[in-house]
Amino acid sequence: MSIQTVTTIITEIDQAPGQLEAAIGTARALDAHLHVLALAIGFDQTAMMGAALDPIPMGLGVEESLERAKALGNLATAQLADEDIRWHVEPIVGSGASSATEIARHTRFSDLVVQHRINSTGDQDRTRRLAETILFEAGVPLLLLPEEAQVTAPPSKILVSWDESATALRAARQALPLLTKASYVHVVMVDPPKDAPDRSDPGGAFAQYLSRQGIKCELSVCNQSDGSVAATLERRATELGCGLMVMGAYGRSRLREAIFGGTTRSILTDATVPVFMAH
């Protein structure tokens with residue numbers, strides 16, 4: 001298994017340079033092709049026309065969106081011109097209603113999507129919706145970076161969150177190109193159930209699986225801190241000096257997490273450590 005195509009989606013002029021730098025570093029570290037989507041989100045004309053009293057010209061917003069996508073694409077092309085990686089830039093336009101469909105259609109043949117999380121007011125929902133589109137609609141793993149975080153090489157230490165779930169195993173398998181480059185991998189289990197089938201050796205079979213991949217790893221079991229699995233994982237990642245966390249996303253349903261909260265939602269909005277997640 002390898003990561004041959006890395007995609008990043010830029011939508012804002014001021015955000016683009018930092019995110020491109022992170023995506024370039026990731027692609028270079030993995031010797032992968034970088035695909036840049038320059039996405040301009042235009043008006044949802046159908047919704048606007050349904051709410052309007054007077055007819056709205058169908059071309060409203062189209063030219064502006066095309067120009068914005070072109071400007072984003074030109075910015076990316078200029079930044080990539082002197083880089084020593086394989087790359088291409090693709091300007092696209094989507095409306096509010098169709099942007100998720102466009103993102104899924106243009107990322108489903110990627111092996112990894114790299115995105116910065118924006119922490120400004122009102123952007124938490126946008127981060128969550130984008131993550132869910134990538135993870136569920138495109139079926140591609142996501143490397144989510146805190147604002148301003150950069151990736152110039154595979155982290156030497158990586159934390160893998162393990163809870164015996166299929167999503168956690170899938171995330172670990174898809175992260176193998178990064179895990180095999182790390183000098184050390186810390187497998188962390190938070191409050192494993194006492195009646196689990198492997199209660200005598202929690203996580204032992206998974207650690208053995210990683211070891212057979214040539215990965216030097218260590219397993220630890222810990223209790224929740226601050227009443228949150230997400231906070232516990234972040235604390236352990238910081239204590240262990242890990243530059244990346246790997247975890248399965250949405251082990252419970254999205255609806256249940258939306259109502260009751262959950263580890264994935266907390267990580268998406270609050271994580272201060274880069275996170276590789278897959279569903």
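Only heavy atoms go into these numbers, but all of them, side chains included; no hydrogens, no water, no symmetry mates.
Note: F206 and W162 have parallel aromatic rings, judged against thresholds of 30 and 60 degrees for the angle between ring planes. Ring geometry for F136 versus H279: interplanar angle of 30 to 60°, hence tilted.
By the ring pair (Phe, Tyr, Trp, His ring centres under 6.0 Å) test, H106 pairs with no residue at all, sequence neighbours left out. Residues meeting the ring pair (Phe, Tyr, Trp, His ring centres under 6.0 Å) test with F109, sequence neighbours left out: none.
Two residues are said to be in side-chain contact when any heavy atoms from C-beta on lie closer than 4.5 Å; R265 and R128 meet this criterion. At a threshold of 4.5 Å between non-hydrogen side-chain atoms, the residues L268 and V275 do not count as touching. The side-chain heavy atoms of L39 and L72, taken from C-beta on, include no pair separated by under 4.5 Å. At a threshold of 4.5 Å between non-hydrogen side-chain atoms, the residues L112 and T7 do not count as touching. Inter-residue side-chain proximity for L144 and P274 is flagged as unmet; no heavy-atom pair is nearer than 4.5 Å.
When every heavy atom of T8 is checked against every heavy atom of Q19, the shortest pair comes out as OG1-NE2, 2.8 Å. Shortest non-hydrogen contact noted between Q115 and I134 is CG-CD1, 4.5 Å.
Screening residues 234-247 for side chain to side chain donor-acceptor pair (under 3.5 Å) gives S225-R235, E234-T272, R235-E239, R236-E239 as the qualifying pairs, with residues at least two apart or on separate chains.
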